[in-house]
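One structure is given below, encoded as structure tokens.
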Amino acid sequence: MAKCFSFTASRDSCYRYSFIRKGLKSCTTDLGDGTIMHCWVPKSHSPTKPSLVLIHGFGANAMWQFNDFIPPLKSKFNIYVPDLLFFGDSYTTRPDRSEAFQAQCVMALMDRFNVRRMDLMGLSYGGFVSYSMAAQFKDRIGRVVLGCAGVCLEEKDLDEGLFKVKSVDEAVDILLPQSPDKVRELMRIAFYKPPPSAPSCFLSDFIEVMCTEYREEKRDLIYALHKDRKLSNLPKITQPTLMIWGEYDQVFPVELGYRLKRHLGENAELVIIKNAGHALNAERVTETYKHLKSFLIDTLPRQQPNHHTNGVDVKAD
């Protein structure tokens, strides 16, 4: 019998409706050269608010990862939530798979919305992209929040046993699961206290909807993160930076947080959330937001113009 209902697709629709209710609209922008970027943008951009770009990690699309953070942030910021290339409705025909290219595409997208200056929050892989944006576009990035983002990893760390996995291929099989058992393994690694396991039929549905399209391209993104990576080649970003880490992160162990703090020095603050794993946005929303508020909101002036002008030519979905 043909499949007639998808729990994952239904939940995705609920998130879409939730984003719309929270004052965002879905826009798709052609950047040229075969690159299409999707982004959730404010229905009405306020020139008196700063802009905040939320950049997701691996997993489902951006809506699933940031839904809980939109309500408390949108009163203080113009929120932009892009789908990175090969996630959601964003893709490219160009061969570059580096986080530097992802960063350039996000900034090109912000150019289309005439957002000249912005703060960033990046989760996991999104933290790699955020860090690269801060390094490449120093005069346009204000503050940076990195959630469990092991940007200072080195290729040799894998051989020296720092990670839970023994090879990049093993990491790909877990981060891009193709069986219910691999989804369960991902949950065990991502959470300090994994939620109860769902029936295999639900997990298979999630795989079909969220983990099938662009799998080869996503695999290449993971390989590009690891290959030839050395701390000595990592630029030092100069923006105020908050790093939030789960104490028991098994994807990017907390040692990488301490390493990055040493690399960045006084400009960076490292916060360790006790009894938490990698998926802070799902497992410890309230505590994560508390640190976001202290770093991003409590330090805001009463009014902060954003140097934004109208005249954006994009396609609204």
Side-chain angles (χ1 to χ4, degrees), residues 50-59 62 64-77 79 81 99 118-135 141-154 157 162-164 189-194 225 231 234-301:
S51 291
L52 175 63
V53 182
L54 304 178
I55 304 181
H56 66 85
F58 269 76
W64 291 58
Q65 299 188 32
F66 287 116
N67 183 65
D68 292 334
F69 292 99
I70 301 298
L73 291 172
K74 71 183 182 69
S75 64
K76 300 295 184 181
F77 295 94
I79 301 292
V81 191
E99 71 261 35
M118 66 214 75
D119 295 326
L120 300 175
M121 177 186 178
L123 295 174
S124 192
Y125 177 67
F128 285 76
V129 178
S130 297
Y131 194 97
S132 184
M133 288 179 69
I141 305 302
R143 296 164 297 175
V144 180
V145 179
L146 305 174
C148 294
V151 297
C152 58
L153 71 87
E154 298 190 279
D157 288 332
L162 179 63
F163 298 106
K164 185 82 172 178
I189 289 176
F191 286 80
Y192 173 64
K193 292 184 177 179
L225 280 187
L231 181 61
L234 184 70
K236 292 185 179 182
I237 62 175
T238 57
Q239 295 88 346
T241 302
L242 172 65
M243 297 170 288
I244 308 177
W245 230 279
E247 180 183 15
Y248 296 106
D249 190 336
Q250 297 184 77
V251 177
F252 293 123
V254 71
E255 165 56 30
L256 295 176
Y258 291 112
R259 185 188 294 178
L260 186 58
K261 174 67 176 79
R262 292 191 296 269
H263 183 68
L264 295 180
E266 294 182 359
N267 253 6
E269 175 187 359
L270 174 62
V271 171
I272 308 297
I273 296 184
K274 299 291 184 181
N275 298 324
H278 184 72
L280 295 176
N281 56 309
E283 190 172 26
R284 302 297 289 273
V285 175
T286 301
E287 192 166 354
T288 300
Y289 175 71
K290 179 186 73 173
H291 296 294
L292 287 180
K293 180 177 182 297
S294 176
F295 182 73
L296 290 176
I297 296 178
D298 293 348
T299 57
L300 283 176

Ignoring hydrogens, what is the shortest heavy-atom contact between [X] and [Y]? Give both atom names and the distance.
X    : Y    : value
I189 : K164 : CD1-CG, 4.2 Å
P253 : L162 : CG-O, 3.4 Å
L231 : C152 : CD1-CB, 3.7 Å
L225 : L153 : O-CD1, 4.2 Å
V254 : E247 : CG1-O, 4.1 Å
A134 : L120 : N-CD1, 4.5 Å

query: M243 pairs by side-chain contact (heavy atoms from CB on, under 4.5 Å) with which of V151, V271, L146, I272?
result: L146
Taking C-beta and beyond as the side chain, do [X] and [Y] meet within less than 4.5 Å on heavy atoms?
X    : Y    : value
L296 : R143 : yes
F66  : L123 : yes
V81  : L54  : yes
L234 : L260 : yes
L292 : I297 : no
L280 : C148 : yes
I55  : M121 : no
L256 : W245 : yes

If you measure from [atom1] on [X] to [atom2] on [Y], what distance do you get to the nearest 0.5 Å?
X    : Y    : atom1 : atom2 : value
Y192 : K274 : OH    : NZ    : 11.0 Å
E269 : I244 : CD    : CD1   : 8.5 Å
L52  : D119 : CG    : CG    : 6.0 Å
I237 : S130 : CD1   : OG    : 9.0 Å

task: May I ask you to decide whether R262 forms a salt bridge with E255, counting only side-chain N to carboxylate O separations under 4.0 Å?
output: yes
- request: May I ask you to decide whether R259 forms a salt bridge with D157, counting only side-chain N to carboxylate O separations under 4.0 Å?
  value: yes
query: Which pairs with one or both residues in residues 275-284 pass salt bridge (Lys or Arg N to Asp or Glu O under 4.0 Å), sequence neighbours excluded?
result: R284-E287
- prompt: Got more than 12 heavy atoms from elsewhere within 6.0 Å of NZ, K76?
  reply: no
- prompt: Taking it one step at a time, do Q250 and H278 satisfy side chain to side chain contact (heavy atoms under 4.5 Å, CB included)?
  reply: CA-CA 7 Å; Q250 297 184 77; H278 184 72; over 6 Å; no
Can a donor-acceptor pair be found, under 3.5 Å and without considering hydrogens, that links the side chain of [X] to the backbone of [Y]?
X    : Y    : result
Q65  : N281 : no
Y131 : P235 : yes
H291 : I273 : no

- request: Apply side chain to side chain contact (heavy atoms under 4.5 Å, CB included) to K293 and D298, showing your working.
  value: CA-CA 6 Å; K293 180 177 182 297; D298 293 348; 2.8 Å; yes
- prompt: Who are the ring-ring contact (aromatic ring centres under 6.0 Å, His included) partners of F163, not counting sequence neighbours?
  reply: none
query: What pairs with F128 under ring-ring contact (aromatic ring centres under 6.0 Å, His included), at least two apart in sequence or on another chain?
result: F252
query: For T288 and F69, what are the C-alpha separation, side-chain angles and deciding distance, and is it a side chain to side chain contact (heavy atoms under 4.5 Å, CB included)?
result: CA-CA 9 Å; T288 300; F69 292 99; 4.0 Å; yes
